[in-house]
Amino acid sequence: MTFTPQDLFYTQTGLDRGEVTAFVDEALARSDDGELYMEFGQSESFAFDDGRLKAATYDTTQGFGLRAVQGEATAFGQAAELTLDAMRRAAGALGPVQDLAPKGSSPAPPRTNHRLYTAESPLEESSFASKARLLEEIDAYARARDPRVRQVSVSLVGSWRAIEIVRPGGEVYNDVRPLVRLNVSIVVGDKDRQESGSHGTGGRELYERFLAPEAWQAGVDEALRQALVNLESVPAPAGEMTVVLGPGWPGILLHEAIGHGLEGDFNRKKQSAFSGLLGQRVAAPGVTVVDDGTIEDRRGSLSIDDEGTPTGRTVLIEDGILRGYLQDRMNARLMGVAPTGNGRRESFAHAPMPRMTNTYMLAGAADPEEIVRSVKKGLYAVSFGGGQVDIVSGKFVFSCTEAYLIENGRLGAPVKGATLIGNGPDVLTRVEMVGNDLKLDPGIGTCGKSGQSVPVGVGQPTIKIRGLTVGGTAA
């Protein structure tokens with residue numbers, strides 16, 4: 001079924017478009033910028049564990065956020081209902097900001113006719129019961145693959161959101177956004193030792209591609225492979241060494257350690273290690289980093305951002321030179337640049353801020369096998385788990401969930417307990433080789449900032465970094 005914001009925000013709620021636009025004109029008349037952001041969404045989730053369905057949920061949400069911007073001050077009101085009375089009550093919160101002297105109104109976002117994903121709902125694709133039965137089938141397949149499998153956990157999540165953004169002057173922007181994700185986690189054991197592996201996939205699509213037998217079976221096999229590799233792992237060494245990062249999901253390190261530092265708000269406030277460095281070298285030659293919200297069906301993509309600006313492909317670092325930052329409307333105006341389509345919010349209950357979409361490093365010329373052969377002794381990191389980063393200093397710590405020793409140019413034993421410790425801007429200058437095998441993650445990224453979470457994508461080719469600190473567990 002295809003949904004339209006007209007159906008949801010006016011036909012079903014009883015709102016009148018003319019009354020809503022008149023209200024916005026009046027409520028934001030004295031503001032430099034702002035919008036009414038309306039949202040209606042539905043979601044479902046399934047969790048299968050210990051051989052049975054543990055949880056199944058279905059949820060419907062609706063509401064609005066009303067924002068007024070004056071200079072760099074923001075007033076925001078929101079409610080979990082779509083009525084004109086609630087909007088008028090929320091407008092009462094805007095007064096203190098609107099009493100400030102105006103700095104000059106901002107032009108409306110440009111229009112786009114390019115839709116990056118379907119407007120259909122994945123929730124309508126098949127029955128609730130059939131999805132639950134599928135998780136049971138995935139569990140049985142995983143357990144039959146190897147007698148060492150001790151536990152299987154499977155989760156399936158699907159959602160769609162319709163949004164409408166109303167700005168003064170009758171400017172209206174809307175979008176309908178599907179999102180799905182399938183995750184498999186497997187625990188294997190041999191005597192007293194247990195290890196785990198996982199695999200996830202997703203995107204702004206319907207369930208069809210992810211729930212095809214060949215797709216979910218490949219995901220199970222990958223999770224099992226990782227778990228069995230970890231079952232043979234040895235304690236990780238510690239010290240400063242050359243590290244090779246594999247393609248795809250290891251781009252999460254790039255996202256966390258570098259990407260946040262390139263967001264406009266941190267740089268306008270001079271809180272980032274990259275503040276004031278536009279046009280200067282911040283990375284080794286050959287390192288080019290982009291943020292691209294226009295890739296069809298990707299988890300981090302958006303046809304328009306949450307302020308109505310079309311997303312774009314923003315070059316952040318080009319051949320090692322810092323070229324730009326990620327901007328929402330307010331920070332772009334205050335910094336005297338154009339918005340980049342990176343104004344994002346978790347939901348109607350949150351104000352937008354500069355956020356990443358799909359952030360990745362472009363491919364280079366080196367053969368991945370050549371990169372490994374060039375390392376006499378080091379670490380090859382394939383996958384990461386949790387991590388922490390300080391935006392101001394750029395310092396980070398990331399744990400590896402799959403990694404191998406490199407000895408005399410060849411991959412050695414898998415290692416357990418390796419952590420990568422470093423400084424984001426410094427790491428960029430230590431990149432010595434960039435592979436020709438750019439790969440995006442399988443569609444599982446979620447980014448947190450200031451209490452808000454949004455779906456994102458990451459990616460990179462194989463890269464070689466000299467002198468990175470590795471925390472290990474070897475005695």
Side-chain angles (χ1 to χ4, degrees), residues 1-31 33-45 57-69 74-95 97-98 108-109 111-113 115 117-125 128 158-179 204 206 302-309 343-352 452:
M1 183 181 298
T2 300
F3 299 87
T4 69
Q6 177 69 36
D7 295 334
L8 297 166
F9 299 126
Y10 300 102
T11 305
Q12 295 188 19
T13 65
L15 287 171
D16 178 82
R17 185 183 289 277
E19 291 181 346
V20 169
T21 55
F23 160 76
V24 171
D25 284 346
E26 180 182 359
L28 302 180
R30 295 182 291 123
S31 302
D33 201 2
E35 72 284 311
L36 172 69
Y37 178 96
M38 296 189 291
E39 179 181 278
F40 183 95
Q42 294 177 335
S43 64
E44 64 183 9
S45 66
T57 66
Y58 179 87
D59 187 44
T60 298
T61 60
Q62 66 175 18
F64 71 87
L66 180 65
R67 181 180 65 142
V69 179
T74 298
F76 184 76
Q78 57 89 17
E81 58 179 297
L82 290 170
T83 66
L84 204 56
D85 284 344
M87 294 174 188
R88 290 182 176 126
R89 290 194 297 271
L94 308 185
V97 162
Q98 293 185 320
R111 298 285 176 175
T112 178
N113 292 318
R115 176 173 291 279
Y117 31 78
T118 180
E120 295 185 20
S121 166
L123 278 63
E124 303 291 330
E125 197 172 355
F128 204 78
S159 68
W160 68 272
R161 289 183 179 182
I163 68 162
E164 179 157 302
I165 300 166
V166 184
R167 294 178 46 81
E171 295 284 346
V172 177
Y173 308 79
N174 52 60
D175 196 14
V176 180
R177 302 167 174 174
L179 191 66
R204 293 199 180 279
L206 303 180
L302 294 170
S303 298
I304 57 173
D305 73 2
D306 294 323
E307 298 177 302
T309 306
R344 304 191 64 187
R345 63 182 97 201
E346 179 178 325
S347 74
F348 67 87
H350 304 83
Q452 296 191 42

Nearest atoms (heavy-atom pairs only) where [X] meets [Y]:
| X | Y | result |
| --- | --- | --- |
| Asp305 | Arg177 | O-NH2, 3.7 Å |
| Gln78 | Gly65 | CB-CA, 4.1 Å |
| Leu28 | Pro168 | CB-CG, 3.8 Å |

TODO: Evaluate the side-chain contact (heavy atoms from CB on, under 4.5 Å) criterion for residues Val20 and Leu36: first the C-alpha distance (whole Å), next the side-chain angles of each, then the deciding distance (0.1 Å), finally the verdict.
DONE: CA-CA 9 Å; Val20 169; Leu36 172 69; 3.6 Å; yes
Open item on the list: Apply salt bridge (Lys or Arg N to Asp or Glu O under 4.0 Å) to residues Glu120 and Arg115 and explain how you reach the verdict.
Closed with: CA-CA 12 Å; Glu120 295 185 20; Arg115 176 173 291 279; over 6 Å; no
- [ ] For side-chain contact (heavy atoms from CB on, under 4.5 Å), just list the numbers for Gln42 and Trp160, CA-CA rounded to whole Å, side-chain angles, deciding distance to a tenth of an Å, and then say yes or no.
- [x] CA-CA 6 Å; Gln42 294 177 335; Trp160 68 272; 3.2 Å; yes
Donor-acceptor contact below 3.5 Å, side chain [X] vs main chain [Y]:
| X | Y | answer |
| --- | --- | --- |
| Thr21 | Gly18 | yes |
| Asp33 | Val69 | no |
| Arg161 | Pro178 | no |
| Arg204 | Leu179 | no |
| Arg17 | Tyr10 | no |
| Asp306 | Arg344 | no |

Open item on the list: Does Arg111 qualify as a cation-pi partner of Tyr173, given the criterion of NZ or CZ under 6.0 Å from the six-membered ring centre and within 45 degrees of its axis?
Closed with: yes
TODO: Applying side-chain contact (heavy atoms from CB on, under 4.5 Å), run through Glu39 and Ser347 and close with a yes or a no.
DONE: CA-CA 8 Å; Glu39 179 181 278; Ser347 74; 3.8 Å; yes
Task: Donor-acceptor side-chain pairing of Glu81 and Thr83 below 3.5 angstrom - done: yes
